[in-house]
Structure formats: C-alpha cells, structure tokens
Amino acid sequence: MRTATLGPEQRAESLAAMAERELDVLVVGGGVVGAGTALDAVTRGLNTGIVEARDWASGTSSRSSKLIHGGLRYLEMLDFALVREALKERSLLLERLAPHLVKPVPFLYPLQHQGWERLYAGSGVALYDAMSMARGHGRGLPAHRHLSRRHALRVAPALRKDALVGAIQYYDAQMDDARYVANLVRTAVSYGAKAANRARVTGFLREGERVVGARVQDVESGGEYEIRAQQVVNATGVWTDDTQALVGERGQFHVRASKGIHLVVPKDRIHSTTGLILRTEKSVLFVIPWGRHWIIGTTDTDWDLDKAHPAASSADIDYLLNHVNSVLAVPLSRDDVQGVYAGLRPLLAGESDATSKLSREHTVAHPVPGLVVVAGGKYTTYRVMAKDAVDEAVHGLDMRVAECVTEDIPLLGAEGYRAMWNARARIAARTGLHVVRVEHLLNRYGSMAEEVLDLIAADPGLAEPLSAADDYLRAEVVYAASHEGARHLDDVLTRRTRISIETFDRGTRSAREAAELMAPVLGWDKDQVEREVEHYEKRVEAERESQLQPDDQTADAARLGAPEIVPR
C-alpha cells in the first residue's frame, strides 16, 4: 500500500530540499486546487513543491457545503459544459479516485405548484441524470424518482404538509472537504512532491521580467528560504489578487470573494431520511446529511473584509433559519445550532454584479514568464483546474512532459478500501473495536485506517474516544499530528476532525485532551500546551461573539479579536 507521512520531520526536510535544488514547479496555495496541481505535476514526472501560508485547506477548501455535485442549478443557466464536466468528475471521485471519501447523498426537492413545476423541475433533473449517465459516468448513483406528497412526507416527516404538493428525489455526492485536501497533499508527497504548510510566500524571485521562484518564510520558526523553480503556480483562491500584487504586475483578471455561511444542527432536530434542496429568492438552500448532524447552507453575499477568518453575522444565521423554517413542521431555533462556519468562494470578477449569478468557470493565465495563475472554478472540478494549470506551466518548461494522468491516480486509502470494508467485522474482532468504530475509520482513512490501528496496537489507550467528542478516537488526534500535517490544536479540532462544529461547546471541552495527545508528537512542553488551549478558546469566543453581531462589519471586528498565530 502506497503511503506518505506529513509529520514535523518531513515538513522540515521538505523545506530544506525545496531550497536546495531548483524545482520544475512550485505551487503556492494549499487548498484543493493547489493540492490537485501538485499531484498533477508530480505524477507527470516533474520535480514539484507546494507551500501553504497557514494549514492545508484552511481557507475556502475547508468551509464549503461539502458537496461533490454537477451543479443542478447551472442547468437552469444553460451552462451545459460546466455541468457535464462536473458530473464526469463526480463519477471519477465516487468510483475510482476516492470511494473512501466521496459518498452518495439523496436530496428531496419539494414541489409547491401543481402540474407545471413537476414538469419543469422533473425535466431538469431528468436531463441531469441523463448527462451523468452519458459515457458511463452515472454508475453507482440511483436515478431520480417522482414522489407524491404522501410519499415525500414518509421520506421527510419533518416537512410541513402545506409546504409541498409532491417532490422529486435525486442523488449527488458529498465528502469532508478538509480531509480530502490533506489526503490530496499526502498523495502528492507519496509520488515525490515536497510539501510544507505554515510556509508563507513573502515575495517572488525575479530575473528581469521572469519569475524564477519565491521567498518563503517558515511561519513556525521564522526562518527564510529562497525556493527556485522554473514555473510557479499561483493557486491561492480568494487571495489571488494579493499574491499577484507581490509580483508587482497587474493581473489579467480579478477574483471577488462571495461569503457563504453554514449551520450545523443535530440529526434529531430534523426528522428526515434524505437531504433537502429548497429554492430561495436568490439561490438554493441545502439541508445536507452529515453523520449525526445536518448542514444547512448557504448564503451568497459579497465580502471585502478579512479573508482569513470570514465571519457569520446574526443576520446571516437568521436568514438561513428563516428559510429552512418556512418548510419545517417543527421550526429550528438558535439553541438548536451546534456549529456555524463561513467560507469565501473565489469568483472571477466582471461577469455579473450579483455574486450569486457569477459563473463557476475557471481561468488560467500566464501573466509574466515563469508565473501561472489559476482561479475561479468549484471544488468538484479541482482536478480539471489542476490539469489546465500544469498544462499552462508546461509551456514554459524546456523539456518534454507527459500528459495528465490523474484520472487514473487513486488517492491514498482508495486502494484496498472496498476489500477492507467487506472485512470490517473481522477487523473489529481482531482489534477489539466495535464495528461502528471500524466503519468510521474506513470512511475517513480508507485502507490507511491500518496506520491508525497500528497506533492503537502500540498504545491501547488510544482506542478510547475523546471524552467530550466521542465520535472520534484519541488515536485520530495523534495520527493527525504524526501523519496528516497538523501543526496546531486548531488544525485538529477544526479540519482533521470537525469537533469545532459538531459539538455545542465548539470543541473547548476537548481542547486540553487533544493538545496533550499532540504534545509528544510535536515536541510541545506544558507551556505550549497551555498556549494552544488558550489560543483555541479565544478563537471560539471571538467566533461566538461575531455571530451575535448585526452585520458584516461588526461581525468581522469581533472575529478579529482573536490572535492569528499561536505564540511560542
């Protein structure tokens, strides 16, 4: 089984190696597009490095709706090419590239008008299914079906009887977006890429007009590195314009940020066996199954404040609650909300005044020799964006380079996953874990779950769940620090696990236990454990305060009350 480790030693070695020898491609940005670009480049045989200023997926790529979908609403915009491309990618991820991470999810679309709406919406969903089946890309997902009101209420008893006259049920897919990115980075490293998070680009190296590399600051130690590369790829999402400004050249396009917020509520607050998709006056609203929870989202509003920590205001939360309550027999209140998170979509500027109408197409440009910029797009089509970015970079390389092969490169954990899933009862008997715990590990790590089980075999105490977040085993916290590149407590509670949005305390009751588990791996003393816990508690306090504020400006000011960097 192919594997790779993103521990503290490997990070230090990667930074040193990138500074020692000129790379073919240096990727700046550790979101899904940057990670995908690194995997694409290294699997073409290129000497590849990737750096990320904060944590892997710490921006947009950990704060999405967590859907892998064709974009049903883009059919209404007649954007058939984008939908067809996304449906192909959905199929690849479900069936070949990441079956352990990407799972089918059902959605119910309530109909509110007799006759014409069923014909209109049904035609769209039928076309969606037909496009997904073309060239065999629909295997593995059930076809849509039309339901009467009585049948729909059996499937989703939470709906008010007067909120629908019938319904259509169809399928898309979902994943844990942050875990997916960390897995992408590890997969790239397993093929030879060098990777370092908490490594911030502070400037670009120039020879005349040509970009020949980047100056990189190790945010952890303060060290500086000059990393030379024949081609640099700017894949920094909503930070594209900021990164471009370091070159001192005007970009060929600009990226606007659109804020989307999501609420997380316990599963028992909405009695339904299916997700929901609801129309709003501006866009659509999803109620998405998420383990023992529901994710409700999203908003779509312009954002020009702090990009690192976009804040959800009280008005944002009320907007989502009001819309979802319009169809629920038992309405939700603020007290039902376990978690809230906000993310920014990188949209190409200049296409429309309303962010909800901006295209999710992507663009690749070569603004100056040696620098490629990729921006826009959507999570589902990250692999296509990565391919296009590397294709553009290849034009600037003085060598023959192979074509993209990522369509046939499964992510770490995919190989052997189905066989291990079939053997989950035997694994449970062998390890002493309940079969539900084994299923949990397999759906988070795939066949790499064996590495987590090895930690438990060496220290049986790690088989216990975290005392205040019992969905997760203690071993998973250790594994996040030793194998998945987690450098701080926030990385584990917010991205390697989802404790920060899946518990009413937002992870504060788990903070000390998790920090003490990470400490031996990362070499923390007692003082550093205290600083990590204090930093996390201040982050949660600032987020809670921001969510009480009436608008974006006051919410942003409240969120910025927490420090950005964990002190050492």
Side-chain angles (χ1 to χ4, degrees), residues 1-4 24-25 27 31-46 48 50 61 67-71 80-104 131-141 172-175 177 179-193 195 233 235 360-364 372 374 376-395 397 400-418 446-448:
M1 180 182 72
R2 180 180 285 273
T3 188
D24 295 323
V25 175
V27 182
V32 71
V33 176
T37 300
L39 178 60
D40 188 294
V42 75
T43 52
R44 297 196 201 196
L46 298 173
T48 303
I50 178 171
S61 294
L67 292 177
I68 295 292
H69 63 122
F80 299 114
L82 179 62
V83 175
R84 186 181 300 111
E85 179 179 82
L87 287 171
K88 175 188 174 183
E89 294 304 308
R90 185 190 72 178
S91 173
L92 280 172
L93 295 171
L94 271 167
E95 298 165 23
R96 186 187 306 170
L97 303 185
H100 56 312
L101 300 176
V102 181
K103 305 293 180 182
M131 291 174 70
S132 73
M133 291 297 293
R135 303 176 192 169
H137 294 318
R139 293 190 303 273
L141 289 182
D172 257 318
Q174 71 175 166
M175 47 65 218
D177 47 9
R179 288 209 58 75
Y180 192 94
V181 174
N183 194 291
L184 257 183
V185 175
R186 288 186 68 190
T187 305
V189 169
S190 77
Y191 284 95
V233 178
R360 300 307 298 273
E361 296 279 6
H362 66 273
T363 295
V364 176
V372 171
V374 55
K378 48 185 275 186
Y379 201 112
T380 303
T381 56
Y382 81 88
R383 197 190 62 81
V384 179
M385 295 176 67
K387 173 187 178 298
D388 291 348
V390 177
D391 283 346
E392 186 66 31
V394 164
H395 293 317
L397 296 176
R400 284 183 61 85
V401 178
E403 293 294 316
C404 172
V405 295
T406 54
E407 195 169 315
D408 297 307
I409 302 291
L411 269 60
L412 288 182
E415 183 182 354
Y417 159 71
R418 289 190 174 94
S447 56
M448 289 191 300

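Note that the structure is predicted; figures quoted are calculated from it, not measured. We're numbering straight along the sequence, starting at 1.
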[X] versus [Y]: any side-chain heavy-atom pair under 4.5 Å?
X    : Y    : answer
M448 : N183 : yes
M385 : T37  : no
V233 : V25  : yes
I68  : L94  : no
D391 : R44  : yes
H395 : V372 : no
L46  : L397 : yes
I409 : Y191 : yes

Is there a donor-acceptor contact under 3.5 Å from the side chain of [X] to the main chain of [Y]?
X    : Y    : value
T380 : H69  : yes
Y180 : M175 : no
R84  : M131 : no

Classify the ring geometry between Y417 and H100 as parallel (under 30°), tilted (30 to 60°) or perpendicular (over 60°). tilted
Distance from [X] atom [atom1] to [Y] atom [atom2], nearest 0.5 Å?
X    : Y    : atom1 : atom2 : value
L92  : E407 : CG    : CD    : 5.0 Å
H362 : T381 : NE2   : OG1   : 6.5 Å
T187 : L411 : OG1   : CG    : 4.0 Å
D408 : L97  : CG    : CG    : 8.0 Å
L93  : K103 : CG    : NZ    : 12.5 Å

Which atoms form the tightest heavy-atom contact between [X] and [Y], and what is the distance?
X    : Y    : result
P99  : R418 : CB-NH2, 3.4 Å
T43  : V405 : O-CG2, 3.5 Å
S190 : T3   : CB-O, 3.7 Å
T48  : A41  : OG1-CB, 3.4 Å
K378 : A86  : NZ-CB, 4.1 Å
V33  : A235 : CG1-CB, 4.3 Å

The side-chain hydrogen bond (donor to acceptor under 3.5 Å, both in side chains) partners of R383 (sequence neighbours excluded) come to E89, T406
Sorted by chain and number, sequence neighbours left out, side-chain hydrogen bond (donor to acceptor under 3.5 Å, both in side chains) with E85 holds for none
For this session: Before giving the answer on side chain to side chain contact (heavy atoms under 4.5 Å, CB included), spell out for V32 and D177 the whole-Å C-alpha distance, their side-chain angles and the decisive distance to 0.1 Å.
Result: CA-CA 8 Å; V32 71; D177 47 9; over 6 Å; no
